Protein chains: 2
Amino acid sequence: MTQIDINILIVWGAVARKFKKGEMIFWEDEVAHFYHQIQSGTVRVYNINDEGREFTQGIFSDGNSFGEPPLFSQDTYAASAIAMTDAVIYKLNIEGFQRLLKEYPEVQHGFNVLFAKRLYDKACMAREIINSPESRILAFLKKTKHAATKEEGLFRIPYTRQEIANSTGLRVETVIRTLKRMVKENKVEVKGHKLFY
Amino acid sequence: MTQIDINILIVWGAVARKFKKGEMIFWEDEVAHFYHQIQSGTVRVYNINDEGREFTQGIFSDGNSFGEPPLFSQDTYAASAIAMTDAVIYKLNIEGFQRLLKEYPEVQHGFNVLFAKRLYDKACMAREIINSPESRILAFLKKTKHAATKEEGLFRIPYTRQEIANSTGLRVETVIRTLKRMVKENKVEVKGHKLFY
DNA sequence: CGAGTGATTGACTGCGTTCAACCGACGTGG
DNA sequence: CCACGTCGGTTGAACGCAGTCAATCACTCG
């Protein structure tokens, strides 16, 4: 699903910019100057702590926008964004974005709906903090399911164990061991290291 | 800060309803039929798991609205809401709410800003999952600060240790022991069991 | 005063982490 | 075609911190 129609974006001054795999798009605590919408590629929004441990706030791909909240709330970025693959991203400066919003109430409403869904997802992940690793992984798989491609009735989870760990706040080893138990109990399937749910 | 002007709310059909301390306002997984805005009292939005352990998603008081995301995203409630004190809450049915939104673009925009702030707060809490109890408690205190009343340059934290535990995903004992260490290191103050930050 | 709620303490436990090593698939360059 | 490097996945052993359990204390209010 595309957040804002490309043509409208361009008319209001958005510019496509290429990012190399691994290139930073913005940094935590920075002031937000641009609206970002992905034409192609995938982007990871994440935090990193003093010990170098990472937490993934979200992963975004074709058509998605990301890093928009500060454009509305005057906050700085709560996390950093990095290109996980080569990517092309439309950037529209905040002034243009705000004018566009005023002009198109449907777009305004579109962000209400988008933010509402994000809040729902965040709430679902947050409540897992008091649950077992298995429950936390299941919550992540459930949330991630709609983003996955279906193969023979099951969803192929396109993330590495490390990424699942970063998204759930667990460690890789815990994810691996928990998934193994879940395979035994027919809660997930693994074919050649690939994970299905 | 009041989310929607009371007079407008009433004109569009909102009705004030009293809730007794401990009374449920809505339940997790329920379909959302009403917009809720607090006139007086405080409300806790929370989850409870199979073992009876609770996680607090948010605490709201005078002027705040809560449980709005599903009105935009067609999701069910991600959590339950309960009156922590006797409370009076304006309720406006979803049809009225949606008509009101269409009529007042500023209100629409107000929700964008509100949701953006909530997403920021949720992101700040979420990233703490990979940090120490101390860091998690500090993040909570920081977020909660603006809601607290100032006394002699410090903020009186109006929550019990149990509530801090429920909000951070820690256990009461861990909160108590961590706070104790933080007092020694002058990171917080405690006067007669009351917590200051 | 007694009941009730919240705060506190100590002893023990166990689960997820940590650390270290190894495996296996894939791709690239000589 | 093979050697090698890289990246992700896997395993085992040991550890330690937050959780668990149970008891007691402190304060407030009717």
Side-chain angles (χ1 to χ4, degrees), chain A residues 21-22 42 44 49-56 59 82 84-86 128-141 156-184 188-197, chain B residues 21-22 42 44 49-56 59 82 84-86 128-141 156-184 188-197:
Chain A
K21 175 177 177 173
T42 108
R44 188 164 75 101
N49 73 4
D50 338 308
E51 286 103 43
R53 209 174 152 184
E54 300 192 0
F55 175 71
T56 300
I59 293 175
I82 189 172
M84 293 176 77
T85 63
D86 285 357
E128 291 300 327
I129 202 180
I130 58 171
N131 287 138
S132 64
E134 170 167 328
S135 178
R136 281 157 72 169
I137 291 173
L138 278 173
F140 174 75
L141 295 181
R156 165 74 200 284
I157 305 298
Y159 300 127
T160 63
R161 326 276 145 143
Q162 184 62 60
E163 191 45 67
I164 298 174
N166 288 344
S167 297
T168 54
L170 301 167
R171 307 250 83 169
V172 213
E173 295 92 331
T174 303
V175 169
I176 289 169
R177 293 191 248 257
T178 304
L179 283 176
K180 212 168 185 185
R181 198 176 328 117
M182 291 166 72
V183 168
K184 273 206 196 87
V188 295
E189 280 188 34
V190 171
K191 302 178 200 165
H193 296 170
K194 297 187 207 326
L195 179 59
F196 295 84
Y197 172 64
Chain B
K21 177 178 175 173
T42 109
R44 188 164 74 100
N49 73 5
D50 337 309
E51 287 102 44
R53 211 174 151 184
E54 299 191 2
F55 175 73
T56 300
I59 293 175
I82 190 172
M84 293 177 77
T85 64
D86 285 355
E128 291 299 327
I129 202 180
I130 58 171
N131 287 138
S132 65
E134 170 167 328
S135 177
R136 281 156 74 168
I137 291 173
L138 279 173
F140 174 75
L141 295 181
R156 163 77 199 282
I157 304 299
Y159 298 127
T160 64
R161 325 274 145 144
Q162 184 62 59
E163 192 45 67
I164 297 174
N166 289 343
S167 297
T168 53
L170 301 166
R171 306 252 82 168
V172 214
E173 296 93 331
T174 303
V175 170
I176 289 170
R177 293 191 249 255
T178 305
L179 283 176
K180 211 169 185 185
R181 199 175 328 117
M182 291 167 71
V183 169
K184 273 207 196 87
V188 294
E189 281 188 32
V190 171
K191 302 179 199 164
H193 296 172
K194 297 189 208 323
L195 180 59
F196 294 83
Y197 172 65

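Not measured: the values here are computed from a predicted model. The sequence lines fix the lettering, A, B, ..., with proteins before strands; numbering per chain opens at 1.
Listed by chain and number, the residues in a ring-ring contact (aromatic ring centres under 6.0 Å, His included) with B/Y197 amount to none (sequence neighbours excluded). Here A/E134 pairs with A/K187 under the salt bridge (Lys or Arg N to Asp or Glu O under 4.0 Å) rule; sequence neighbours left out. Here A/K21 pairs with A/D86 under the side chain to side chain contact (heavy atoms under 4.5 Å, CB included) rule; sequence neighbours left out. Partners of A/S135 according to the side-chain hydrogen bond (donor to acceptor under 3.5 Å, both in side chains) rule, which considers only residues two or more places apart in sequence or in another chain, are A/E128. Among residues two or more places apart in sequence or in another chain, the side-chain hydrogen bond (donor to acceptor under 3.5 Å, both in side chains) test is passed with B/T56 by B/R44, B/E163. Applying the ring-ring contact (aromatic ring centres under 6.0 Å, His included) test to A/F55 and every residue at least two apart in sequence or in another chain returns nothing. In terms of the side-chain hydrogen bond (donor to acceptor under 3.5 Å, both in side chains) criterion, residue partners of A/Q162 (sequence neighbours excluded) are, by chain and number, A/N166. Annotation: side chain to side chain contact (heavy atoms under 4.5 Å, CB included) contacts of A/R53 (sequence neighbours excluded): A/N49, A/R171, B/I130. With sequence neighbours excluded, no residue satisfies side-chain hydrogen bond (donor to acceptor under 3.5 Å, both in side chains) with A/T160.
Residue B/I129 contributes atom CD1, which lies 13 Å from atom C1' of C/dG16 at whole-angstrom precision. Computed from coordinates, the A/N49 CG to C/dT17 P distance equals 13 Å when rounded to whole Å. Between the P atom of C/dG10 and the NZ atom of B/K180 lies a distance of 7 Å, rounded to the nearest Å. B/K194 has its NZ atom 12 Å from the C1' atom of C/dG6, to the nearest Å. Distance CD1 (B/I164) to C1' (C/dT8): 14 Å, rounded to an integer number of Å. We find that CZ of B/R171 is positioned 18 Å from C1' of C/dG10, with the value rounded to whole Å. In this structure, B/K21 places its NZ atom 14 Å from P of C/dG4, rounding to the nearest Å. The distance from atom CG of B/L195 to atom P of C/dG6 is 16 Å, rounded to the nearest whole Å.
Protein chain B contacts DNA chain D from D/dA18 to D/dA26, reading 5' to 3' and using non-hydrogen atoms of the protein with a distance under 4.0 Å.
The overall bend of the helix from C/dC1-D/dG30 to C/dG30-D/dC1, read as the angle between its terminal helix axes built from five base pairs each, is 30° when rounded to 10 degrees.
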Which pairs, protein N/O on one side and nucleotides 19-22 of chain C N/O on the other, fall under 3.5 Å?
| residue | atom | partner | partner atom | Å |
| --- | --- | --- | --- | --- |
| C/dC19 | N4 | A/E173 | OE2 | 3.0 |

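Note on B/T160: only backbone sugar-phosphate atoms sit closer than 4.0 angstrom, heavy atoms only; bases stay farther off.
Here the shortest heavy-atom pairing between B/I129 and A/T168 reads CD1-O, 3.4 Å.
Between C/dA7 and B/R161, a contact under 4.0 Å exists linking OP1 or OP2 to a side-chain N or O.
Taking for each of A/P133 and B/I176 the nucleotide of DNA chain C with the nearest heavy atom, the 5'-most of the two is the partner of B/I176.
Checked options A/V175, A/T174, A/L170, A/V172; the residue passing with A/I164 is A/V175 (criterion: side chain to side chain contact (heavy atoms under 4.5 Å, CB included)).
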